[in-house]
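Here's the structure, in structure tokens; my notes come after.
Naming: A, B, ... by sequence-line order, numbering from 1 per chain.
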Amino acid sequence: MNPKIIFLDAVREHNPLIHNITNLVSAHFTANGLLALGASPMMAESPDEMAELATISSAVVLNLGTPSDEKVSAMLAAGMAANQAGVPVVLDPVAVGASHLRQKTVATLTQNIQFAAIRGNAGELAYLADVQWASKGVDAGQGSGNLAEIAQKVAQKFNTIAVLSGEHDFVANHDRVMKLSNGVALFPKVTATGCLLSAIVGAFLAVAPRELAFQAACEACTVYAIAGELAAVGLQATQSGTFAVRLLDALAAIDATQTEQLMKAEWII
Amino acid sequence: MNPKIIFLDAVREHNPLIHNITNLVSAHFTANGLLALGASPMMAESPDEMAELATISSAVVLNLGTPSDEKVSAMLAAGMAANQAGVPVVLDPVAVGASHLRQKTVATLTQNIQFAAIRGNAGELAYLADVQWASKGVDAGQGSGNLAEIAQKVAQKFNTIAVLSGEHDFVANHDRVMKLSNGVALFPKVTATGCLLSAIVGAFLAVAPRELAFQAACEACTVYAIAGELAAVGLQATQSGTFAVRLLDALAAIDATQTEQLMKAEWII
Amino acid sequence: MNPKIIFLDAVREHNPLIHNITNLVSAHFTANGLLALGASPMMAESPDEMAELATISSAVVLNLGTPSDEKVSAMLAAGMAANQAGVPVVLDPVAVGASHLRQKTVATLTQNIQFAAIRGNAGELAYLADVQWASKGVDAGQGSGNLAEIAQKVAQKFNTIAVLSGEHDFVANHDRVMKLSNGVALFPKVTATGCLLSAIVGAFLAVAPRELAFQAACEACTVYAIAGELAAVGLQATQSGTFAVRLLDALAAIDATQTEQLMKAEWII
């Protein structure tokens, strides 16, 4: 990874419009997180306006949190229109292993849409990579697979950038995997922090040329994780409520220089 | 505008039930804002209970944030029942210019419902006034129109009170326009602050006699903007997370005397 | 009530997966509250995945906040599957008296699902007990009925544990009623605090043997109310925004010993 963070300032300069088809748990938090970062959030869900909104957006983020027939139609319409318009599309396969509906939905989406990135936790990406894993609802759960290999397998299978987030984040493309080691234990105690990361990956992809998409995805994860570190300063492990508030403050306050100084990144494949 | 704030105490005394047909981004924040102010929020969306709920409510607020066929049916049923029962109805035409679905929906709503007030940002009201404007998703965007004239045009076209909110708020009826200059730059960094203002306009209209509706709308904007000023004391421009929390605290703490001392209002048409 | 709090540690040890079919107002806050407490929240709403998700869950919570045809189908599917699998189901009959749709929905649900607990405010449980009461939208409203008797009547009629929450909480089974007197006035100033209590009752039932379900429900109410007391320390009555944030912190920080020392419980029937 380039040790210079180049796309955070670009997000703030261009305020990319990020169109999210998301769920009732994460919509408010995701919108506030994107605003704090410097992007412009839009949430909609009617299939009737998807193609139109996708083409005025700088990125489209499809979140599987609460799937329904209508939302799947909306996601298909938005993703396919975005593909045609050259707008990057991010998939967040929330709890994909938890039900046949989710499995079928993700199969439909990945067959019809080319994703610029797929962001999920270990359990979600293990499912996509056909690796055994004991997920638990929307949580990552436990498994013994090699996380870097899981991420790489997803990247290869779907010809995309795979972002496996957790205690460490693994960002993979077809050939290489970057391990990112910033972050704090409070993240998984706040709901929708994964959804927000997917949206932030979308915001970084929105301002990056396609050939630097991998770098942009790594920057998104690193900026987000370090914002969490800054937000957690002085907090106890129990203060998830306060952490969520401060995380929004930190997403607006963090700058490129700070990120470069604190980032922990290494190529592992 | 009457320099006395008379309807804030009335909201707290009568706790008007405000029925919101709203979106998944703003529902939680709007409900908490109404509660903090002293009103009683209700959010529902099934067409099957709309007429019933509208008639037990003191105001109905229709928010276009995430339109769908079912929501539009619900909005029509609620708005028409409220009109019949003499309950004031507020329209928030979120991102109306962004898609044909939204444009068609607003046309249907304005043709069938008499709105007591329409509250939107510059881009949204410019669309309603047939004025050229470059909106950006749900954000106001940029344009060169005269904001007071846009507000007045909306008021005249829809025979309503138009509330154009932004750095300055413009409240217009058929004949006159009040410019309100309280507020802080943190407002647009928090999602759904516009939606909450629409709901608060509803709460003030709910306790005002019809002939004082203009005064009530001005008070709603002023109380809200000054609550924001109080919430922002000591905060940096990046602290949108903390600001949102304190805004709720301030909506409960603000009183009429304080508002009268800090308000900046002038007739400009 | 057993003066020992035994199920709080069990929630934290087992992190039970709590499946909520809930509404757009409360979803985010409920998920964060369950996470803070130590449970694992899941929110979904498609009828197509309900049976599957219900059987992998440790409790199912059905919340009537924003009913729709599809949600009612989902609730029926989830509740019936949970009944078959022996997974406890909690009903939160939000604003049941406010519309015929809600009344019909609750009738359908109670006829087809055996609830382990029903949690509501005085107005909601008075409706279920066929007692006259003047509810106001989603708020409890005013009435002169005896709250302990209302709770007991609901427990008897639906063969369940009834939890009537308010300034005092009343937990009833067929024979007895416990009055719990912890809590703070800030609770009703934050939206969805009732919904979160219903979910927390679900989390406690999830880790308790069936014969100790009454004890578990009492513990849930007491832990939640005392977390509120701790969150409110040093706050003014107007600080509902700050209270909501600190309540999440307190739900993670509170322990059994603290709860035992502060609890105020007495048998009244």
Side-chain angles (χ1 to χ4, degrees), chain B residues 12 14-58 65-66 68 70-71 74 227 230-231 241-255, chain C residues 22-32 43 45 64-72 94-105 123 134-142 185-196 235-248:
Chain B
R12 289 175 180 156
H14 298 295
N15 311 125
L17 184 65
I18 311 302
H19 180 211
N20 300 268
I21 304 181
T22 186
N23 63 75
L24 74 174
V25 180
S26 71
H28 183 247
F29 185 66
T30 300
N32 272 333
L34 286 171
L35 273 173
L37 183 73
S40 179
M42 171 130 203
M43 274 72 179
E45 52 191 11
S46 170
D48 298 339
E49 60 178 350
M50 280 305 117
E52 232 173 328
L53 295 180
T55 53
I56 61 167
S57 302
S58 299
T66 49
S68 67
E70 200 184 11
K71 272 202 184 164
L230 300 173
T242 303
F243 174 70
V245 173
R246 286 203 197 167
L247 178 60
L248 297 176
D249 292 359
L251 281 169
I254 193 170
D255 66 27
Chain C
T22 186
N23 63 75
L24 74 174
V25 180
S26 71
H28 183 246
F29 185 66
T30 300
N32 272 333
M43 275 73 179
E45 52 191 11
L64 203 67
T66 49
S68 67
D69 285 352
E70 200 183 11
K71 273 202 184 165
V72 174
V94 181
V96 57
S99 77
H100 287 96
L101 172 66
R102 286 163 197 258
Q103 293 162 15
K104 199 182 63 179
T105 301
S135 283
K136 181 175 184 179
V138 297
D139 292 334
Q142 302 289 332
L186 274 162
F187 268 114
K189 300 300 289 181
V190 177
T191 197
T193 45
C195 302
L196 175 52
L235 293 187
Q236 296 191 278
T238 50
Q239 292 186 271
S240 57
T242 303
F243 174 70
V245 173
R246 287 203 197 167
L247 178 60
L248 297 176

Is C:Val190 in contact with chain B via its backbone, its side chain, both, or neither, using a 4.5 Å heavy-atom distance?
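Interface part for C:Val190: both.
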Under 4.5 Å, counting heavy-atom pairs only, tell me which of C:His28, C:Lys71, C:His100 racks up the most with chain B.
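It is C:His100.
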With a 4.5 Å cut-off on heavy-atom pairs, point out which of C:Leu24, C:Val245, C:Thr238 contacts chain B the most.
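Between C:Leu24, C:Val245, C:Thr238, the count favours C:Thr238.
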Less than 4.5 Å to any heavy atom of chain C: does that hold for the side chain of B:Asn20, its backbone, both, or neither?
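Contact with chain C: none, neither part.
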Strictly distance-based, threshold 3.5 Å: is any side-chain N or O of B:Glu52 a donor or acceptor partner for the main-chain N or O of B:Glu49?
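Pair absent, no side-chain N/O of B:Glu52 close to backbone of B:Glu49.
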Side-chain donor/acceptor of B:Asn15 to backbone N/O of B:Ala39, under 3.5 Å:
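No: the side chain of B:Asn15 does not pair with the backbone of B:Ala39.
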Determine the minimum heavy-atom distance between C:Leu101 and C:Thr105, stating which atoms define it.
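Heavy-atom minimum between the residues: O-OG1, 2.6 Å.
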Shortest non-hydrogen contact from B:Phe29 toward B:Ala244:
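Scanning both residues completely, I find the closest heavy atoms to be CE1-O, 4.1 Å.
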Passing option when C:Thr191 is tested against B:Leu34, B:Leu35, B:Thr30 for side chain to side chain contact (heavy atoms under 4.5 Å, CB included)
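The single option meeting the side chain to side chain contact (heavy atoms under 4.5 Å, CB included) with C:Thr191 is B:Leu35.
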Using a cut-off of under 4.5 Å on heavy-atom pairs, state which of B:Ala250, B:Ser26, B:Ala253 scores highest against chain C.
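When all of B:Ala250, B:Ser26, B:Ala253 are compared, B:Ala253 has the most.
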